> 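To start, I am sharing the structure in question, which I have written as C-alpha cells.
A, B, ... follow the sequence lines: proteins, then strands. Residue 1 opens every chain. These numbers come from a predicted model, not from an experiment.
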Amino acid sequence: PQDRVHLHGPSRDHDSRSPSDSISLPPSAFAAVPTLSVYRKSPRPCPNQALVDELAVLRSWRFLQHGTGAPESISYATAISAIIGAPKIDNVEQARKLHKVGPKLLIKIDEFLTTGKIAESEETRNSAKFKALDEMTSVYGVGQKTAVELYENGIRSLEQMRALDRWPIGFKYQEDMQIKMSRADCESVANFIRIQLDRVEPGAHTVLLGGYRRGKTHSSDIDLLCTYPHEEGKEKGILSRLLYRLLAKGLIPEDGVLWSSSFASHNVAPERASTRSFDSLDKAFVIFRHPANGITRKRDYFRRVDIIITAWSTFGSAVVGWTGSTQFERDLRQVAEKKGYKFEAGGLFDKQTGVRIPTLTEKDVFRALDIPWL
DNA sequence: CCCTCATAGTT
DNA sequence: AACTAT
DNA sequence: AGGG
Ligand SMILES: Cc1cn([C@H]2C[C@H](O)[C@@H](COP(=O)(O)OP(=O)(O)OP(=O)(O)O)O2)c(=O)[nH]c1=O
Ligand SMILES: [Mg+2]
C-alpha cells in the first residue's frame, strides 16, 4: 500500500500503485480517458500498475537512449500517462481506444495481457547497456548525453568513471544519494530546516511538496516550500540567510550547496531579456546532513534537499509547480500555452502582456486555466 | 512538417 | 551553446 | 502518438 495522502485535485500521480476498482466498464470509458493528466482526478488507484511497471522500463530505456525531450520518449511517456489514467484494461480492444496508444504499444499490451509480462522489458532490464547507462546517470552531474558518450568510449561502470575524477561532488555523496527516504525521514529533515528558518525569520509557512505530497512512500529528495503568509516581501533575502545558517551549523557541508539562485558562486546580474518575468522564487539545491539519532539512524545520512522560497502572492503557483508529477507539469504547461498563458512554478503569466495573474492558492491556477478541480 | 515544459546554473 | 538539474 |  502506498500511504496515499488524501488530496483533492487533478491527476498528479504517476507513481500510484494500489489495487484496482474491478468494475467492468463500457468501451466508451476508455475513449473518454482524457489525454492530459491535468483533466484526471488524483489520487486514484492505478488498476493497470503491473502493465505500467513493465512499460516504464521501456520508457526509461528510451529516456536513456534519446533524452526525455525526444519524440521517442514523449510518445511513450504520454501513452503511459493515458494508461495510468485508464480503467483496468482487460483486452486489446479497450486499449485500442486509449488516446496516444498506437499499433506498436498495442502489441506490447497484447503480450502483457496474454503472458503477464513483456519480453522486451525483461531483456532491457537485463541488458548490460541499460544497466550501465542507468547506473552512470545516477551520478550527480552526469546526464543522458554524457552517459552515452562515456559508454561509446568504453567507460561503462561507476569505477571507471570515478577514476576519471571528473565528478568529485557526485562521487563524494554517491552512496547516500541512492538511498530513498521514508516519509518519516522527509518529515524529520523538514523539521530540522524549519527550526533553523524560524531562527532566521519567524512566521514562515512551510510545506513538503514533490513526490511526498503525492503520497509516495519513498522519495529521492525533499522538496520544501517556504512562504510568509500575508506578508509579501518578507521572504526577500531569506534564502541566503538560511543557507548561511545551515552551513554554519554544519547541517550543510561546505561543498553541499549544489546550486542556488541567490548564492551563485560568482555571477553578475543575470541580464535576462528585459521582457522576462522576474522569478518570484528563490531556490537552492543542497546536500543536507541528516544527523544520527541513535535509534532510527545509526549514522548521519546525506540527503538531497530542494529549498524553495516564494512570495505569498504566488504561493499557489509554487505549490502546483513543485508537486508534480513531472508529466503533470508538462501537461499543465502545455494547456497554459494553448490558452495564451505561460505557467511556471514562479507564477502564471499572460503571454501577450507578460502580466502575472495572482495565484495565492492552487485553485487560483486551475481556475485561471479553466481546468476543473476534481 | 514541426513540436511536444520552462527555467536556471555551470562548463 | 550544450548540458544537467529541478 | 497526435495536435496544429
Ligand atoms: C524533474 C522535473 C521536475 N519538475 C517539478 C515536478 C516535480 O514533482 C517537482 C519535484 O521534482 P523531483 O524532486 O525531481 O521529483 P519528485 O519529487 O516528483 O520525485 P522524487 O523526488 O521522489 O524523485 O518539480 C518539473 O516541473 N519538471 C521536471 O523536469
Ligand atoms: Mg522530490
> Across the strands shown, which category fits A:Tyr140 at heavy-atom distances under 4.0 angstrom: base, sugar-phosphate, nothing?
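Answer is sugar-phosphate: A:Tyr140 comes under 4.0 Å of backbone atoms only.
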> Determine: side-chain N/O of A:Arg330 to OP1/OP2 of B:dC5, distance under 4.0 Å, yes or no.
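So the side chain of A:Arg330 is within the cut-off, an N or O lying under 4.0 Å from OP1 or OP2 of B:dC5.
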> Between A:Thr227 and A:Pro229, is there a donor-acceptor pair closer than 3.5 Å when you use the side chain of the first and the backbone of the second?
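The answer is no, because no donor-acceptor pair under 3.5 Å joins these two groups.
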> Any side-chain to backbone donor/acceptor pair from A:Glu152 onto A:Glu149? Under 3.5 Å, distance only.
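Not a single qualifying donor-acceptor pair exists.
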> It should be established whether A:Lys342 places a side-chain nitrogen or oxygen under 4.0 Å from OP1 or OP2 of nucleotide B:dC5.
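No, no such contact exists.
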> Taking all non-hydrogen atoms of both residues into account, name the closest pair between A:Glu232 and A:Trp312 and its distance.
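Reported closest heavy-atom pair: OE1-N, 3.5 Å.
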> If we take the P atom in both B:dA6 and D:dG4, what is their distance in whole Å?
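Per the computed distance, 15 Å lies between those P atoms.
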> Counting heavy atoms from C-beta on, name the nucleotide in B:dC5, B:dT4, B:dA8 closest to the side chain of A:Lys283.
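Taking heavy atoms from C-beta onward, the closest nucleotide is B:dA8.
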> Taking DNA chain C as the partner, which of residues 150-164 of chain A come within under 4.0 angstrom of it by heavy atom?
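The answer is none.
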> Given atom CG of A:Leu36 and atom P of B:dC5, what is their separation to the nearest angstrom?
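Taking atom P of B:dC5 as the reference, CG of A:Leu36 is at 10 Å.
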> Reading DNA chain C in the 5' to 3' direction, which nucleotide is the first one with an atom under 4.0 Å from a heavy atom of chain A, and which is the last?
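Range of nucleotides touched by chain A: C:dC3 to C:dT6.
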> Would you mind classifying the nucleic acid contact of A:Val335 as base, sugar-phosphate or nothing, using non-hydrogen atoms under 4.0 angstrom?
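Result for A:Val335 = nothing.
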> Measure from NZ or CZ of A:Arg156 to the centre of the six-membered ring of A:Tyr151 and say whether it is under 6.0 Å with the direction within 45° of the ring axis.
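Here A:Arg156 passes the 6.0 Å and 45° test against A:Tyr151.
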> What distance do A:Leu332 atom CG and A:Leu369 atom CG have between them, rounded to the nearest 0.5 Å?
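So the CG of A:Leu332 and the CG of A:Leu369 are separated by 6.0 Å.
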> Give the nucleotide from the list B:dA6, B:dT10, B:dT4 with an atom nearest to the side chain of A:Glu344.
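Selected nucleotide: B:dA6.
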> Can you tell me how far C1' in C:dT4 sits from the matching atom in B:dC5, rounded to whole Å?
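Roughly 15 Å separates the two C1' atoms.
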> Do A:Arg162 and A:Glu175 pass the salt bridge (Lys or Arg N to Asp or Glu O under 4.0 Å) test, and can you show the C-alpha distance, the side-chain angles, and the key distance before you say yes or no?
CA-CA 13 Å; A:Arg162 193 192 302 270; A:Glu175 291 75 25; 3.7 Å; yes
> Using a strict threshold of under 4.0 Å (side-chain N to carboxylate O), is an ion pair present between A:Lys117 and A:Glu122?
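So A:Glu122 does not pair with A:Lys117 through a salt bridge.
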> Would A:Arg183 and A:Tyr212 count as a cation-pi pair here, with the cationic atom under 6.0 angstrom from the ring centre and within 45° of the axis?
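The answer is yes; both the distance and angle limits are met.
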> Would you measure the distance from the P atom in B:dT4 across to the matching atom in C:dA2 and give it in whole Å?
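That atom pair is separated by 16 Å.
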> Measure from NZ or CZ of A:Arg194 to the centre of the six-membered ring of A:Phe192, then state whether that distance is under 6.0 Å and the direction lies within 45° of the axis.
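No, a cation-pi geometry is absent between A:Arg194 and A:Phe192.
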> Quick one: are A:Phe30 and A:Val101 in side-chain contact, heavy atoms under 4.5 Å?
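Counting from C-beta outward, A:Phe30 and A:Val101 never come under 4.5 Å.
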> Any link between A:Phe288 and A:Leu247 through a network of hydrophobic side chains (Ile, Leu, Val, Met, Phe, Trp, Tyr) touching at under 4.5 Å?
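Yes, one cluster joins them.
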> Mapping A:Thr68 and A:Leu258 onto DNA chain B by nearest heavy atom, which one lands closer to the 5' end?
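On the 5' side of the pair lies A:Thr68.
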> Measure the distance from CD on A:Glu337 to C1' on B:dT7 and round it to the nearest whole Å.
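In whole Å, B:dT7 C1' and A:Glu337 CD are 15 Å from each other.
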> Extract from the structure each pairing of a protein N or O with an N or O of nucleotides 2-4 of chain D at less than 3.5 Å, listing the distance.
unit_1, atom_1, unit_2, atom_2, d
D:dG2, OP1, A:Lys100, N, 3.1

